[in-house]
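Below: one structure, written as structure tokens.
Excluded from the calculations below are hydrogen atoms, water molecules and symmetry mates; all remaining heavy atoms, backbone and side chain alike, are included. Remember, it's 1-based here, ligands and their atoms both numbered in the order they're listed. Numbering starts at 1 and runs along the sequence shown.
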Amino acid sequence: MRARGVVKKEAPPEGIEVPTPEPKGPEVLLETTYCGVCHSDIHIWEGRYDLGGGKVMNLTDRGLSLPIAMGHEIVGRVVKLGPDAKGVKVGDIRIVFPWVGCGTCASCLAEEDNMCLVGKSLGVYQNGGYGTHVVAPHPRHLVDPGKLDPAVAATYACSGITVYSAIKKVMPMAPDEPIVLVGAGGLGLNAIAVLKALKHRNIVVIDISAEKRAAAEAAGATSTVDGSADDAIKRIFAACGGQPSAIIDLVNGTATARMAFAALRKGGKLIQVGLFGGELTLPLPLMPIRALTVQGSYVGNPKELRELVALAQAGDLQALPVTTVPQREANAALMRLRDGKVTGRLVLKSDVA
Ligand SMILES: [Zn+2]
Ligand SMILES: [Zn+2]
């Protein structure tokens, strides 16, 4: 198989040739047809996350080994089944759940693969969708997109389930109670779409960019707040009709986390999703006194992917704007994303799509 692989940190991904994997046991080999280019690809390419205070987390220390073909928003066509793979056949088009683990621990067996302690995520620790072929460890990691646009369906594997899983952590909430989203980039617009599909009616979106706030309003935000305003917290209270009890921080940098923590009402929940980086110092007595929850949310699980695809198939989920580019132009696509020149999602389209 051929792949665009990261051979060296921060060097342009190179064309690499690796043996096409032979599916073993329950594994399924697919040829990639579509693959989204995600912001976390930039972190993988750079090889690190900013932990704040001058500290960084190096992905090579966490088991990332190069070269690696990135790409975790994958749709592909089944080309070969392992001897124990059941439930799919050659030629089937499937979304590939990429956040796989060891396959045998309690988390994996409960279909909470993203909570497995042995991360084997496709496109991070194993070759992903920037290659011509990809291996799904088990048929249960494959979801039928049905009549959905495969380029859009690919994005459900990461940006879709990331917001879906975060939203599920603040639910159930009455439809008119405010849910605050911090960040109106791709994840923010997706979160608005998912909340609307779930019939939620009060969505307050914070962003420092006027252009992104306008995009959020066009996507159906109830109101928006300029996060860079001196009195941003006051404006959040005004938009929410008081202190909000649910904030989903899709940026999760030092400034947004501080703002969210300060805005939460008693008993409120802050769900941290973004990987912008930085740190948050918590005044400890306020945690019990205000009975707050600060919870991280990392991607989602296969059950959530199936639920989200079902929601999309029901026709209630507005599709994220996607632009397809040829798979061989993966490098240019990655650089466009790094330089902030992408609205919506870039999705690589392979020659066999
Ligand atoms: Zn991603
Ligand atoms: Zn496991």
Residue from T155, V37, V152 passing side-chain contact (heavy atoms from CB on, under 4.5 Å) with R345
T155

For the Zn ion (ligand 1), protein N, O or S atoms at a distance below 2.8 Å amount to 3

Applying the side-chain contact (heavy atoms from CB on, under 4.5 Å) test to W99, which of I161, L122, N301 qualifies?
I161

Between CG of L311 and CD of E304, what distance do you get to the nearest 0.5 Å?
12.5 Å

Answer yes or no: is there a side-chain heavy-atom contact under 4.5 Å between K86 and L81?
no

Using 2.8 Å as the cut-off, count the protein N, O or S atoms closer than that to the Zn ion (ligand 2).
4

Suppose we screen for ring pair (Phe, Tyr, Trp, His ring centres under 6.0 Å). Which residues come up paired with H200, at least two apart in sequence or across chains?
none

Among residues at least two apart in sequence or on other chains, which ones pass side chain to side chain contact (heavy atoms under 4.5 Å, CB included) with D351?
R328

With K80, which of E31, E22, E27 fulfils salt bridge (charged side-chain N to carboxylate O under 4.0 Å, His left out)?
E22

Under a 4.5 Å cut-off applied to non-hydrogen side-chain atoms, are L264 and Q243 in contact?
no

Do Y156 and L148 make a side-chain contact, defined as non-hydrogen atoms from C-beta onward lying under 4.5 Å apart?
yes

